[in-house]
Every structure is written in structure tokens, then in C-alpha cells.
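Computed from a predicted structure; not experimentally measured.
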Protein chains: 2
Amino acid sequence: MAQGEFGATLSVTIDDVAEAAGVSIRTVSRVLNKAPNVGDETRKTVLETIARLGYSPSIRARALASGRSFLIAVVQDDPNAHVISALQRGIVETCSRHGYELVVHPVRFGDPEVAADVESFVRRSRVDGLIVLPPTSEIAAIPARLTQLGVPSVGIASVSLPEYPCMLVSDERGATFELGRRLVELGHRRIAMIEGPPHFRSAQQRKAGFLAALPGPMPDAYLQKGDYGFDSGLAAADALLSLNQPPTAIFACNDIMAAAVIKAARERGVDVPGQLSVAGFDGSDLAAMITPALTTIRRPLTEMARLATESLLAMIEDPKSASSHEPIALSLIQRQSMAAPGAV
Amino acid sequence: MAQGEFGATLSVTIDDVAEAAGVSIRTVSRVLNKAPNVGDETRKTVLETIARLGYSPSIRARALASGRSFLIAVVQDDPNAHVISALQRGIVETCSRHGYELVVHPVRFGDPEVAADVESFVRRSRVDGLIVLPPTSEIAAIPARLTQLGVPSVGIASVSLPEYPCMLVSDERGATFELGRRLVELGHRRIAMIEGPPHFRSAQQRKAGFLAALPGPMPDAYLQKGDYGFDSGLAAADALLSLNQPPTAIFACNDIMAAAVIKAARERGVDVPGQLSVAGFDGSDLAAMITPALTTIRRPLTEMARLATESLLAMIEDPKSASSHEPIALSLIQRQSMAAPGAV
DNA sequence: GCTAGCGCTGGCAACGCTGTCAAAGGCGCG
DNA sequence: CGCGCCTTTGACAGCGTTGCCAGCGCTAGC
């Protein structure tokens, strides 16, 4: 019911508009959906009436009638604020450009029920599609279920999972390989590394790429475990710097642990990069803010998110449109924390 | 249509369940909504049938029929990944505990159309309620419109806006006052500050609280402009440290600028905290990762977000429930970047 | 013995929109 | 001049739920 010309509320419906404009609701609907077959004059009248009454269509009703919700979801764990936020920015921006809304569905990577949880979420909320963020995107059971449900999905990860109809695969392995080679070229021979959690395939990729770039196998003592947390980075750095033959370069699998290495080095009076080169991974803001500024590997996260969203929307709009697995190149950002080995 | 016992798809409806269970759809609906008036036996049968068919109710249809969407929205600008992500964590967690989903609606603080944009978003998406994050929560026109639409909203900010039916007001002014007093107690007399963007009321609060704690007025040269960005912090720090009488303490209105101060000091060979004390604001992870670790003010963001969400959901479930404006106390985290002034 | 009241269940309409189909009117073409 | 075709418009039937009210079979109360 329209409540008069002013103070239009949520309760103005398409019927009110149709009545006020003297046309059928179907015609109003056509105008709303920019259907081609509407007379110019009619369209104009309807548009004016809509504006006059302050009407906005109910997405809910539209969803029920059309089978499309104009909602997409992002499935994410929350290990890293920087990554999530950069990705979300790109997704949300693309969504609103296309008239979609974004719903956030958090999950726990370690939870054995993740796939079931995501499925039940999709069934209830009836979103039109999903974007699955790392590391959750490494779980093959999720895209498998989604495909079975017929819901389009896009994964963002460092490895390609055939279960996804569409993926953005960042070449983390290639990037760490390049970083490793760079260190070797600089003259480093005692090169150490702090791993990420081994159950993340991206962590495996980073490790594999880096190790492959080195001339020989890495001594066990140089290969430290880490969990992407600051404290684990501190512990690993302490262990490395306490060795009789400490490394002249340390690659930490994310920026946070790399920052910990720099802090640990500083507290022991080890000069970075004079006595120790340090590199991280993520291209986070943090890397630029610490002293010395951290060499790191940047993923074009916002850009990737935009691409992922565009692909997803294309799949939604046209289910036949074949989408592919896109490789994404990463870039090495060289800063002050890395240099040729100095006085050993 | 049910497609057999296995491979149940999205298309299982309440009708299928009703038929399979031998009851009316109305009864199935009652079971779904945990209505009290259902016989134990009937409930059991229905529940079993639901499980057997793999049925999940359509939130969309429920929304249309009941006038509730079980969707709440968070309205946010994106100035600070750390803040947004901590808040989102609390919101999303509380939502899913209560069976709601979260949709993210980004806005631009500076946009003159923000309020209209939010209104149109609410009208289209028909969310049941909104949580407005800082700094967008400082714009009074937004809650004003929402109240007019009859949509519950909760604001999280550093100042109380009467337009909001419910707010969480963090006492940033009180916290910076305490910080200022602490610096004075430590013996600092030459105290400087780097402001945030003056059009943020929270920045005004932080400034006002800090200045009020000092024994005398702050010299103009000690009061530097900043925009919460790292570079602006660097510039301000450079200006301050170039003075004939450089300050012995600098309070930067956020952690990022404080990190810049520490970096600038280091590059000039100014020892922190020996020659210069530095404090920030935000309690971000960054603060703990830099060297020296940064004294900062922590808002219990995730906790606040949880509280805000609980209040919002209470208002949604029971519109009569009176919600209030809750003051939130912040805590000063003292770390190595702050000490008594040393050799001046 | 009759009615009121209770616990449980079902039928019907509605929520606000779109899909489908068909009708009305105007046009070109043979 | 008549036919078919195209464009514009409308009627009707859903979409999958819930709200409302009625009705069933009982028991309790007068």
C-alpha cells in the first residue's frame, strides 16, 4: 500500500506502481528489468511513477519468482586480515557494479564438516554462486558438492583443483622459485627457510618452489616449522640464529613470520641485511612498515578478486559459458631486507 | 520434486516432505520453525523425512512469506583492514549462531550520497537490520533514514548519535586522556601528536582527550596533521624530529602512523624509547610486530561486534525491546616504545 | 448432556515478483 | 483487401514459504 506521496516506505509494491501508472504489474516488471518490449511513452510514465512513489522492488520476491537471488557468497577462513580484506574489497566492488550483494560465510579450515556446512549454507540461503578463498579453496570436497548442486563456484588458490569449474591459480611456487634464485644470485649459500603449516597446499607450494631454486638440498637445521603466526616466526628465527653456522638468508613463508625474523635478528644485534637477508610472502602493508622494509612476494589480490567475481557472474548469467583455470603471475618486491651476504 | 532418496538437490520442497511424511505442509512448517503445537510422534516423523530427503527450507520463500529475511548487513568503509576484519569476525560469528547471514555493503565515507545509497540498499535487499561501522557510523543521516524506514540499526562509534536506537560507544577520548596523563607522569614535557583526518569525529575525540591530559597547550609545531596513512606519518615524524626542540614523546592517532614514526626515528638514529617515546592507537597486530613494540590503545573490537550483533538481533526479534547506548572502555597496552624521557 | 476450551492439524490466502502465453493493434506484402 | 507477423500489453499461474482461521477429537465444567 502506498502511504501517500511522501514518506514512502518499504511497503510500496509493484501493484501500487501499476495502479498509479495505469498499467499492469507485468509492464512495471518489464520496465524494472529493462525488457526491450515496452513502449517509450509507457516506460517513461512507469519510471516517473516509480520515482514519485519512491518504490524499490523487493529482491526477495524477485528471487522467489525468478529463481535467482542476486546474492553471491564468499567462503572464507580467517587466518589473515590483510588477505581477506584485499580480496573482499575486489569482490564487493564488482558485485555492486553488477547489482549483486555479497554474503560472507565463515568456515573453519580444520573442521571435518566444512563441505557439509558449505552445502547446507548454500541450500538454505540459495545464493547464486560462491567464491571460495584460500585456504578453504584447497578442499576438493567443497567444489565437488557445489557442482553436484548445480551452483557455480570459483576458487582462488595456489593449486588447480579440477573440481572447480573456474579457478584463479596464483603461481606461488614459481614466485618462491624466483626468490630463491635471486638469493643464490646475490651470493647466498647458507639459506634457511621457515615453513607454513604443512596441511596448507599453498605452504607446500611455497616451500617446493623455494627449495627447487637452491643448488643443493637444504640442511635439516635450516628448515624450520612455522604456523604463519608471529610467535612461531620468533621461535624459528631464534633457532636459526643460534646455530654454529647461522644462515645468511632466511625466507619466511609469510610476512608475519618474516617480521618476526627481523625482530629476532634485531634483538640479537644481527644486522639486516648486512649479516642476514630476510624475505617474506604476501606483499602486506606490514612489509613496508617495518625496518628494514621487507622483500616480499605480492599477489594482486584485489585484482584477482575482481577477476574471480567477473567469472562467477558470467557463469551465473550464462551457465553455458565455459570458464577456465587462470594462472596468475606474482611479483617479487625487493626492498631493503635483502642484499648480498656481507661480512660473514 | 524429490529426485529419489539420493542426490537430493535444491529442488526438494516442503511439499515433498509433507507428502512423504503424510502430513500437511503446514505441519512441516511448524516443525521447521520449532513451533510448540506439534505432536511428538508427528515431529519425529517429519524430522526423519526431512533428513531422508535432504530437504533444506528456502530462506527466500520464508523471507517473502514471513516478512523477515534473516539477513543482516554491515555497512562499512574500508580504511583499515585490521579494524574491519576484527569487527566482521565478531558479527559473522554471532550471526551464524542465531541463524542469520551477513551481507557486506561497502560505502564511501566521503560520498555525499552515502545515506541515500544505504537507504536504497536496504529497500532493495530487505535486510532485517544493519550494523554500521566507523567511520560511517558518524554520519547521522544514515540512522535517521533507517529509523524512518523502520529498520533496526546499531552503530559502533566513538561518539553517541541520538539517531541510533542502539550504539556501542567506545571511549576513545578517555583512553587518549589516560595515555596523555601517563606520558606526563613519566616525566615528558615536550609532547607532540599526529592527528587523524579532522573530518572523522573519532579523530577529534582522540585529539581532544590527549590534549586535555597535558599540563599546558600544545605548541603548533608539535601538532602535526596526518591522514592515518603510513606516508603521512613519515612526513609528520620528519617534521617533528627536525625541530630545534624535538619532542620527547609522540602520540600518533593510529598504529600505522606510529609505525611510521618509529621508522623515521630509526632512520635518523633517534633511539626509541631512549630519546623518543611513541604511542599509537588501534591495538593492531602490527603494533606488536615492530621493534620496539608499540604502546597502543586497544578497542575490544571482536567483543564489541558480538555485542552489537546481539543487540541488533534482539531488536529484530522483539522490536519493543529497548536498547541503549553502551559505553565501551578501552585499554592501554604499554610496550617498549614508551618510557621515561632519557638524556635530553 | 451440552458447551467451552485445549492440543494438534489442515486449508486457504497471501507475500511481491517473474514466466508463459495469448490478445490487441499496427504494419507490410502479395 | 486480407493475411501473417511483429510489437506492445495484460491475465494468470506459479515460486516455496508462513499467517490466519477453522476444525478435529478430547476433556473439563456447569
Without decimals, in angstroms, what is the distance between A/Asp40 CG and D/dT7 C1'?
12 Å
Give a yes/no on whether any side-chain N or O of A/Ser29 is located under 4.0 angstrom from OP1 or OP2 of C/dC17.
no
Which of parallel (below 30°), tilted (30 to 60°) and perpendicular (above 60°) describes A/Phe70 and A/Tyr100?
tilted
Whole angstrom value for the distance that separates P of C/dA14 from CD1 of B/Ile14:
19 Å
Is the number of heavy atoms from other residues, nucleotides or ligands under 6.0 Å of B/Arg108 CZ greater than 12?
no
Between A/Thr42 and D/dT9, does any side-chain N or O lie under 4.0 Å from OP1 or OP2?
yes
Kindly check if the number of other-residue, nucleotide or ligand heavy atoms within 6.0 Å of CG (B/Asp318) is above 12?
yes
In whole Å, what is the span from the NZ atom of B/Lys44 to the C1' atom of C/dC8?
18 Å
Can you measure A/Asp15 atom CG to C/dC17 atom C1' for me and round it to whole angstrom units?
9 Å
Heavy-atom nearest nucleotide on DNA chain C for B/Ser66 versus B/Gly39: which residue maps closer to 5'?
B/Gly39
Whole-Å distance separating the CG atom of A/Asp16 from the C1' atom of C/dC15:
13 Å
Need to verify one output field. Residue with the more 5' nearest nucleotide on DNA chain C, B/Ala61 or B/Asn37?
B/Asn37
Ignoring hydrogens and angles, answer whether the base of D/dG19 and the side-chain atoms of B/Arg26 contain a donor-acceptor pair closer than 3.5 Å.
yes
Can you figure out which of D/dG16, C/dG10, C/dT18 approaches the side chain of B/Thr27 most closely?
C/dG10
From CZ of A/Arg126 over to C1' of C/dC17, roughly how many Å is that when rounded to an integer?
17 Å
So if I take every side-chain heavy atom of A/Ile25 and compare against D/dT9, C/dT20, C/dC17, which nucleotide ends up nearest?
C/dC17
Salt bridge check, A/Glu93 against A/Arg89: does any charged N sit closer than 4.0 Å to a carboxylate O?
no
Looking only at side-chain N and O atoms, does A/Ser24 come under 4.0 Å of OP1 or OP2 in D/dG10?
yes
Check the distance between C/dT18's C1' and A/Arg60's CZ and give it to me in whole angstrom.
17 Å
Is A/Arg306 paired with A/Glu310 through a side-chain N to carboxylate O contact shorter than 4.0 Å?
no
Rounded distance (Å) that lies between atom C1' of D/dG14 and atom CZ of A/Arg62
17 Å
Is there a donor and acceptor pair, one atom on the side chain of A/Arg30 and one on the base of D/dG10, closer than 3.5 Å?
yes
